[in-house]
Amino acid sequence: MGTVKIAPSLLAADFGNLQRDVEMVNQSTADWHHIDVMDGVFVPNISYGMPVVKAISEHATKPLDVHLMIVDPDRYIKTFADLGAKVLTVHYEACTHLHRTLQAIRNEGMLTGVALNPHTSVQLLEDCIQDIDVVCLMSVNPGFGGQSFIENTYNKVRDLKAIITKKEATTLIEIDGGVSSKNAKRLVEAGADVLVAGSFVFKSDNPTQTIKELKAITA
Ligand code: DX5
Ligand code: ZN
């Protein structure tokens, strides 16, 4: 087992100093830039859209992990490929034909991601787990940064890990929402491969050091 991947969420960055914050992530031990796109329909909040993702993309030196919290994500798969997304994550709850959506993401040369809301069972992914590179387990209700971690997430990580092992898949388990030093170790022990962290990184006194400490966590 390798080390846990860290994906700082730029939702918690200072948008007036976005280039500075992207470069902080570039120079840190983080693995991915996590980019949250919200449409005000699938979730109650609107974050930022393509021009901002383009600006991030121009400065980012690590893979872009784009988390779409939008309805009908199929409409924008090619757009995000052109913007430089490496991982494109859609919500299970937003896709009527998830398998088709995953094929479209792979056809554009990106890694496939599927996010599950806290109420959505991991069992629903059993039949397409081979087609998913990253499952993003939401450990808060999507839409806002800075919310409290939902404790049932540990069970979901273990159940999902069992499915991945049973199906001999190579899917990574990503945790998104309320991640901090309070829960990171237990998450990694349960089987998490990628930790997204917004507020915990960007609101800390020394974000680079905070990323380094998360990165050092082992099972
Ligand atoms: C929430 C987003 C998260 C968010 C996490 O809907 O998907 O990526 O930025 O922020 P924190 O780490 O502050 O909970
Ligand atoms: Zn996210």
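None of the values given here were measured: they were computed from a predicted structure. Whatever order the structure lists them in is the order used to number ligands and atoms, beginning at 1. For the single chain, residues carry numbers from 1 onward in sequence order.
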Would you say [X] has any N or O atom under 3.5 Å from an N or O of ligand 1, going by distance alone?
X      : value
Gly146 : yes
Gly177 : no
Gln147 : no
Gly198 : yes

Proximity flag Gly143 to ligand 1, non-hydrogen atoms under 4.0 Å: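 Contact present.
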Whether Phe144 lies under 4.0 Å from ligand 1, heavy atom: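 True for this residue.
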Looking only at protein heavy atoms, which one is nearest to [atom], and what is the separation?
atom                    : result
atom 8 (O) of ligand 1  : Asp176 OD1, 2.7 Å
atom 14 (O) of ligand 1 : Gly178 N, 2.8 Å
atom 9 (O) of ligand 1  : Ser9 OG, 2.8 Å
atom 10 (O) of ligand 1 : Gly145 CA, 3.6 Å

Asp31 and Lys62 ion-paired at < 4.0 Å: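 Salt bridge: no.
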Test side chain to side chain contact (heavy atoms under 4.5 Å, CB included) applied to Ile175 and Val157, Val196, Asp193, the passing residue: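 Among the candidates, only Val157 passes.
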For [X], the ligand 1 atoms whose distance to one of its heavy atoms is below 4.0 Å:
X      : answer
Met138 : 7 (O)
Asp36  : 2 (C), 3 (C), 4 (C), 7 (O), 8 (O), 9 (O)
Pro142 : 6 (O)
His67  : 7 (O)
Ala197 : 12 (O)
Leu11  : 9 (O)
His34  : 8 (O)
Met69  : 6 (O), 7 (O)

Test applied, side chain to side chain donor-acceptor pair (under 3.5 Å); reference residue, Asp65; option that passes from His34, His33, Lys5: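 Of all the options given, the one that passes is His34.
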Lys215 to Thr3 - nearest heavy-atom pair and separation: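 Result for this residue pair: NZ-OG1, 3.3 Å.
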Does [X] use its side chain to pair, donor to acceptor, with the backbone of [Y] at less than 3.5 Å?
X      : Y      : result
Ser57  : Val53  : no
Glu93  : Asn117 : yes
Ser9   : Gly198 : no
Ser139 : Gly177 : yes

With a 4.5 Å heavy-atom cut-off, do [X] and [Y] have their side chains touching?
X      : Y      : result
Val66  : Met110 : no
Leu214 : Val4   : no
Ser148 : Val140 : no

Angle subtended at the Zn ion (ligand 2) by OD1 of Asp36 and NE2 of His34, nearest 10°: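 For OD1 of Asp36 and NE2 of His34, the angle centred on the Zn ion (ligand 2) reads 90°.
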His67 ND1 and Asp176 OD2 subtending at the Zn ion (ligand 2) (10° steps):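 Vertex the Zn ion (ligand 2), arms to OD2 of Asp176 and ND1 of His67: 90°.
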Glu23 versus Gln27, side-chain donor and acceptor atoms under 3.5 Å: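 Distance-only check fails for Gln27 and Glu23.
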Ser199, portion touching ligand 1 at heavy-atom distance under 4.0 Å: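 Both backbone and side chain.
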From CG (Asp176) to CZ (Phe149), nearest 0.5 Å: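 Between Asp176 CG and Phe149 CZ, I get 11.0 Å after rounding to 0.5 Å.
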2.8 Å cut-off met by an N, O or S atom of Cys136 to the Zn ion (ligand 2):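 Checking the Zn ion (ligand 2) against Cys136, no N, O or S atom falls under 2.8 Å.
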